[in-house]
Amino acid sequence: MKASVVTLGCKVNEYESQSILNQLKNEGYEIAEGLVYADVYIVNTCAVTNTGERKSRQVITKILKINPNAKIVVCGCAVQNDPSKFLVNKNVIALTGNSGKHEIMKFIENENKVLPEIEHAIYHDMARPIETRTRQYIKIQDGCNYFCSYCIIPYLRGRSRSRDLDDIIDEISSTKAEEIVLTGINMSDYRIDGNLALKTLIQEVDKLNKRFRISSIECKVLDDEMIELLKNAKNFCPHFHLSLQSACDETLKRMNRRYSIEEFKEIVKKIRKNFPLASISTDIIVGFKGETDEEFNETIKNLQELKFSFMHIFPYSERSGTMASRMTGDVDKCIVKQREKVLQKLNEEFKHEFFLKNEETIHSVLIEEIVDGFSVGYTDNYIYTYIPEKLEVGKIVNVKLKEEYLNGMIGEKE
């Protein structure tokens with residue numbers, strides 16, 4: 001029997017989907033990913049925006065066009081948020097939300113349509129994910145206690161809880177991948193025995209002699225001690241994804257974010273001082289409740305100073321039940337689209353400047369695949385690189401970056 005896992009959303013979902021694949025494989029299923037023909041589908045959904053939730057529901061329709069008799073199990077944030085929208089389809093045999101992913105077979109076998117309770121205190125270990133030769137996500141934490149006013153995820157994932165350090169290190173030690181990415185819903189809140197411990201985790205990970213990245217973190221985690229730790233780490237990839245959301249203090253206050261724009265700028269300055277060629281990327285929400293022209297212009301002014309290497313830009317998406325959903329001050333959709341275009345144009349300018357800054361510099365590149373005769377992969381500072389010769393997938397090579405090309409840069413193997 002064949003089973004396919006369809007994944008929407010974040011890196012944590014990707015990790016969990018790879019674990020689900022391994023659970024299925026261990027039970028004798030032929031496994032696949034995505035919208036291919038299968039007997040059973042597990043859809044790992046997203047609800048961070050209305051678009052993510054809509055796409056999660058649309059996947060069901062697409063599956064039934066491939067196999068009208070398919071059995072479908074739905075898990076993840078969208079079903080946790082509103083199971084009724086998935087139960088209307090008779091092919092959906094079970095729901096797991098976010099709490100049942102570690103024991104997916106129970107739901108497939110019992111066709112359980114009752115949503116499990118959200119976990120708030122227990123971190124459930126999952127089956128190890130399917131191995132990759134290139135980059136492996138390592139989940140270190142789940143849930144969030146921050147309750148930003150626009151965000152529904154703490155209501156769907158539960159409170160912050162951390163994975164055992166020894167288990168994390170054991171998984172990293174056993175993986176064949178040349179690069180690992182530490183990920184979580186709020187990695188900044190990683191704890192050991194109740195105490196913040198991301199620095200301790202990074203120190204232990206660096207001892208394993210595997211190239212490693214950290215996914216999205218809160219800016220305040222990057223104090224002087226953390227920056228010095230990362231600077232001295234032998235295997236750290238200098239890519240910092242700092243979720244900003246807005247570059248205007250008044251907007252940040254309504255968002256219930258925990259920093260001012262000046263604090264954020266000071267941290268970025270310290271990163272650039274210690275990592276001159278680091279990639280610093282971010283997320284920006286445009287058209288948040290009450291965002292005035294003056295606030296948007298303030299965001300533009302500060303972004304022009306920050307000059308991120310890349311920005312993920314999202315129009316504000318109202319999520320029922322959040323603090324923001326009870327606020328007034330909706331921004332006209334036409335204005336939101338106009339502002340989004342301004343930010344996208346700025347984003348292209350920033351990317352171009354970052355590529356220019358990296359011309360004639362040497363970086364290590366993890367070869368991930370061969371595309372149209374190019375060996376392609378990401379530099380340590382997260383530039384997608386095209387090398388015009390065939391190299392071994394899964395290996396790390398030194399490359400001199402030459403010029404901008406498509407969505408990245410051309411590089412020459414040193």
Side-chain angles (χ1 to χ4, degrees), residues 11 134-135 178-179 181 211-216 230 235-244 247 264-265 267-284 286 299-315 337-414:
K11 289 180 174 64
T134 53
R135 179 179 297 110
E178 290 293 328
E179 178 181 301
V181 183
R211 170 162 138 157
F212 73 93
R213 299 183 186 276
I214 49 178
S215 56
S216 180
L230 292 171
N235 301 295
F236 172 64
C237 293
H239 172 210
F240 299 83
H241 187 80
L242 309 178
S243 192
L244 177 58
F264 193 100
K265 287 195 286 190
I267 290 161
V268 168
K269 284 179 187 175
K270 287 180 183 178
I271 293 171
R272 290 207 168 112
K273 181 180 177 182
N274 288 278
F275 301 90
L277 293 175
S279 172
I280 306 176
S281 55
T282 197
D283 303 312
I284 299 290
V286 59
T299 283
I300 294 297
K301 179 173 75 73
N302 286 316
L303 289 178
Q304 286 170 333
E305 183 178 337
L306 286 160
K307 290 186 182 294
F308 292 101
S309 55
F310 181 77
M311 299 187 294
H312 294 282
I313 298 160
F314 305 92
K337 286 182 180 178
Q338 289 167 4
R339 290 177 183 172
E340 193 175 359
K341 285 179 182 177
V342 171
L343 287 173
Q344 292 292 4
K345 185 173 183 293
L346 209 57
N347 190 31
E348 292 304 312
E349 292 173 10
F350 292 165
K351 278 197 293 183
H352 178 65
E353 285 184 42
F354 182 62
F355 291 150
L356 281 176
K357 186 179 179 182
N358 278 273
E359 283 184 0
E360 300 300 319
T361 62
I362 296 172
H363 297 271
S364 61
V365 175
L366 173 63
I367 306 302
E368 297 184 48
E369 57 181 335
I370 309 297
V371 179
D372 297 330
F374 289 97
S375 299
V376 296
Y378 285 93
T379 61
D380 49 8
N381 66 339
Y382 213 64
I383 294 173
Y384 197 62
T385 304
Y386 297 80
I387 307 162
E389 59 179 293
K390 289 189 177 180
L391 302 169
E392 186 179 349
V393 171
K395 293 299 180 183
I396 294 174
V397 297
N398 287 330
V399 171
K400 180 179 278 188
L401 298 175
K402 304 304 290 184
E403 62 185 354
E404 190 171 348
Y405 179 73
L406 299 178
N407 59 332
M409 296 185 75
I410 288 279
E412 292 179 356
K413 183 175 177 290
E414 284 288 288

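This is a predicted model, so every value here is computed, not measured.
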Trainee: Less than 4.5 Å apart, side chain to side chain, heavy atoms only: is that true for Thr379 and Met409?
Mentor: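 Thr379 does not reach Met409 side chain to side chain.
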Trainee: Just list the side-chain donor-acceptor pairs under 3.5 Å for residues 235-243, sequence neighbours left out, or say none.
Mentor:
from, atom 1, to, atom 2, distance (Å)
Asn235, ND2, Asp206, O, 3.0
Asn235, ND2, Asp206, OD1, 3.3
His239, NE2, Ser281, OG, 3.0
His241, ND1, Ser281, OG, 2.7
His241, NE2, Asp283, OD1, 3.2
His241, NE2, Asp283, OD2, 3.1
Ser243, OG, Gln245, NE2, 2.7
Ser243, OG, Asp283, OD2, 3.2

Trainee: State, to 0.1 Å, how close Leu277 and Asn381 come at their nearest heavy-atom pair, and which atoms those are.
Mentor: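 Result for this residue pair: O-ND2, 2.8 Å.
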Trainee: Taking ring pair (Phe, Tyr, Trp, His ring centres under 6.0 Å) as the test, write out the residues that go with Phe355, two or more places apart.
Mentor: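 Ring pair (Phe, Tyr, Trp, His ring centres under 6.0 Å) check on Phe355 returns nothing, list empty.
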Trainee: May I ask you to test the Phe264-Asn302 pair for a side-chain heavy-atom distance under 4.5 Å?
Mentor: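 Not in contact.
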Trainee: Is Leu303 close to Leu343 at the side-chain level, that is, under 4.5 Å between some pair of heavy atoms?
Mentor: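 They are in side-chain contact.
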Trainee: Should Lys351 and Glu348 be marked as a salt bridge (Lys or Arg N to Asp or Glu O under 4.0 Å) after you check the CA-CA gap, both sets of side-chain angles, and the distance that decides it?
Mentor: CA-CA 5 Å; Lys351 278 197 293 183; Glu348 292 304 312; 3.2 Å; yes
Trainee: Measuring from Ser375:OG to Glu369:CD, what's the distance to the nearest 0.5 Å?
Mentor: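 So the OG of Ser375 and the CD of Glu369 are separated by 10.0 Å.
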Trainee: Could I get the full list of ring pair (Phe, Tyr, Trp, His ring centres under 6.0 Å) partners for Tyr378, not counting sequence neighbours?
Mentor: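 Scan of Tyr378 (ring pair (Phe, Tyr, Trp, His ring centres under 6.0 Å), adjacent residues dropped) gives Tyr382, Tyr384.
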Trainee: Which residues satisfy the side-chain hydrogen bond (donor to acceptor under 3.5 Å, both in side chains) test with Glu414, sequence neighbours excluded?
Mentor: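 Result, side-chain hydrogen bond (donor to acceptor under 3.5 Å, both in side chains) vs Glu414: none returned.
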Trainee: Could you measure the distance from the CD1 atom of Ile367 to the CD atom of Glu178? Nearest 0.5 Å is fine.
Mentor: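 It is 11.5 Å, given to the nearest 0.5 Å.
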Trainee: Determine which pairs satisfy side-chain hydrogen bond (donor to acceptor under 3.5 Å, both in side chains) with at least one residue from residues 386-400, sequence neighbours left out, and list them in order.
Mentor: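 side-chain hydrogen bond (donor to acceptor under 3.5 Å, both in side chains) check on residues 386-400 returns Tyr386-Asn407.
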Trainee: List the atom of Met311, the atom of Ile284, and the distance in Å for their closest heavy-atom pair.
Mentor: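 Closest approach of Met311 to Ile284, heavy atoms only: SD-CG1, 4.2 Å.
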Trainee: Backbone N or O of Gly411 within a donor-acceptor pair of the Thr385 side chain at under 3.5 Å?
Mentor: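 Side chain of Thr385 to backbone of Gly411: no pair is present.
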Trainee: Does any non-hydrogen side-chain atom of Phe374 lie less than 4.5 Å from one of Ile410?
Mentor: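 Yes; the side chains approach each other to less than 4.5 Å.
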Trainee: Check whether any side-chain heavy atom of Leu346 lies under 4.5 Å from a side-chain heavy atom of Ile300, and answer yes or no.
Mentor: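 The answer is yes; the side chains approach within 4.5 Å.
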Trainee: Is the backbone N or O of Ile396 less than 3.5 Å from a side-chain atom of Arg211, with the two atoms forming a donor-acceptor pair by type?
Mentor: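 No.
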Trainee: Provide the full list of salt bridge (charged side-chain N to carboxylate O under 4.0 Å, His left out) pairs with a residue in residues 305-315, sequence neighbours left out, each pair given once.
Mentor: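 Applying salt bridge (charged side-chain N to carboxylate O under 4.0 Å, His left out) to every pair that reaches into residues 305-315, excluding sequence neighbours, yields Lys265-Glu305, Lys307-Glu353.
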Trainee: Is any side-chain N of the basic residue among Lys402 and Glu360 closer than 4.0 Å to the acidic one's carboxylate O?
Mentor: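 Salt bridge between Lys402 and Glu360, a charged N being under 4.0 Å from a carboxylate O: yes.
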Trainee: Counting neighbours of NE2 on His312 that are heavy atoms of other residues, nucleotides or ligands and sit closer than 6.0 Å, is the number greater than 12?
Mentor: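 Yes.
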Trainee: Roughly how far apart are Leu401 CG and His363 NE2, rounded to 0.5 Å?
Mentor: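 Going from the CG atom of Leu401 to the NE2 atom of His363 covers 5.0 Å.
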Trainee: Could you state the interatomic distance from CD (Gln344) to CD1 (Ile313), rounded to the nearest 0.5 Å?
Mentor: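 Going from CD on Gln344 over to CD1 on Ile313, the span is 3.5 Å.
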Trainee: Does atom NZ of Lys337 have more than 12 heavy-atom neighbours, drawn from other residues, nucleotides or ligands, at distances under 6.0 Å?
Mentor: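 Counting other residues, nucleotides and ligands, NZ of Lys337 stays at 12 neighbours or fewer.
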Trainee: Below 4.5 Å, heavy atoms only, C-beta onward: do Leu244 and Leu306 meet side chain to side chain?
Mentor: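 Yes, close enough: below the 4.5 Å cut-off.
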